[in-house]
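Take a look at the structure below.
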2 protein chains.
Amino acid sequence: MLETIQALAEPTRFSILRMIRWEEKSAGEIAGRFKNITRPAVSQHLGVLRKAGLVTERRAGTSRMYRLRPEGFAEIKALLEDFWDPRLAKLKAVAEKDEKQRGRKK
Amino acid sequence: MLETIQALAEPTRFSILRMIRWEEKSAGEIAGRFKNITRPAVSQHLGVLRKAGLVTERRAGTSRMYRLRPEGFAEIKALLEDFWDPRLAKLKAVAEKDEKQRGRKK
DNA sequence: CACTTACGTAAGTGTCAACTAAAATATTAA
DNA sequence: TTAATATTTTAGTTGACACTTACGTAAGTG
């Protein structure tokens, strides 16, 4: 859990995430957009992001394409929701569980 | 912005935040709950959390009480909401379909 | 006033992670 | 097979930061 937040907290990695925010990009294309960071460095950051569950990797020929993994962000969001108003979050969890049992929307 | 996330990402600071999740606590009480971390270290962490806008400080006699600051968490939440856009789901679906058409490896 | 309590701040140290250069790996094509 | 391309991995350096000890400060007590 903290691993995900730590991955997000590093400036270079945060930039990478913003780059692939709308569309997947190859490691080379991502690295090419940085002026002062080498390709291996970017590759290592991508590895951290992948381990943290914030991006997914896909091979395309000799390239590797990276794209955002929304579930990773959802995890952190849920955690913060808990901090923002714990009592509300608890009620929400109960409500969702209840909703699931009924199998329909409100 | 990243300052807030970086403050949150450190394990000791994260523990502190969970400690004061429900009720404000004094710096001494917080420090007392740690086995292997000295009081000055906790004090420094509290300073980081305060600068990041995740806690507020209040003097009470010789003590200083620390309390969660919900607005700080709301900021990060809003940021993540931005990343977790519905349009991403569509892109994801396209990417997976594309992936399917390349079959074997080795 | 002196003394104690409850802190923060300063200074110095050690560890860890972000970085680079060089080597290794995987894929495609000749 | 060899070469070219795209990227990761390895090895090693360095800077940032989390930590400790020592000191400083503010508020309460006798």
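Chain naming here is simple, since letters A, B, ... match the order of the sequence lines and numbering starts at 1 in each.
In this structure, A:Arg58 pairs ionically with A:Glu24, as a charged nitrogen and a carboxylate oxygen lie closer than 4.0 Å. Salt-bridge annotation for B:Glu81 and A:Lys77: present, with a side-chain N of the basic residue lying under 4.0 Å from a carboxylate O of the acidic one.
A:Ser26 has a side-chain polar atom (N or O) that falls below the 4.0 Å cut-off from OP1 or OP2 of D:dT7. Between A:Ser43 and D:dT8 there is a side-chain polar atom (N or O) within less than 4.0 angstrom of OP1 or OP2. Close to C:dC7, at under 4.0 Å from its OP1 or OP2, lies a side-chain N or O of B:Ser63. Residue A:Tyr66 places at least one side-chain N or O closer than 4.0 Å to OP1 or OP2 of D:dT8.
Contact annotation: the side chain of B:Leu49 never approaches that of B:Tyr66 to less than 4.5 Å [non-hydrogen atoms, C-beta and beyond].
B:Phe34 places its CZ atom 17 Å from the C1' atom of C:dC7, with the value rounded to the nearest Å. Here the P atom of nucleotide C:dA6 and the CD atom of B:Glu29 are 12 Å apart, to the nearest Å. Taking atom NZ of residue B:Lys51 and atom C1' of nucleotide C:dT9, one finds them 12 Å apart after rounding to whole Å. Atom CZ of A:Arg59 and atom P of D:dA6 are 14 Å apart (whole Å). Rounded to whole Å, the distance from CG on B:Leu2 to C1' on D:dA16 is 16 Å. A straight line from CE of A:Met65 to P of D:dA6 spans 13 Å, rounded to a whole angstrom. Rounded to an integer number of Å, the gap from A:Arg64 CZ to C:dT28 P is 12 Å. One can place CZ of A:Arg58 at 12 Å from P of D:dT7, the figure rounded to the nearest angstrom.
Residues A:Leu68 and A:Met65 fall into different hydrophobic clusters, defined by Ile, Leu, Val, Met, Phe, Trp and Tyr side chains chained together at heavy-atom separations under 4.5 Å.
Partners of A:Ala41 under the side chain to side chain contact (heavy atoms under 4.5 Å, CB included) rule, at least two apart in sequence or in another chain, are A:Ile37, A:Thr38.
Applying salt bridge (charged side-chain N to carboxylate O under 4.0 Å, His left out) to A:Glu57 and the options A:Lys25, A:Arg67, A:Arg64 leaves one that passes, A:Arg64.
Shown here, D:dG30 forms a base pair with C:dC1; the pair counts as Watson-Crick or G-U wobble because both key distances fall under 3.5 Å.
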Given protein heavy atoms under 4.0 Å, the one-letter contact record of nucleotides 16-22 of chain C, with B base, S sugar-phosphate only and - none, is simply --SBBBB
Going through the distances and angles, do A:Phe73 and B:Asp82 end up as a side-chain contact (heavy atoms from CB on, under 4.5 Å)? CA-CA 10 Å; A:Phe73 291 86; B:Asp82 221 33; over 6 Å; no
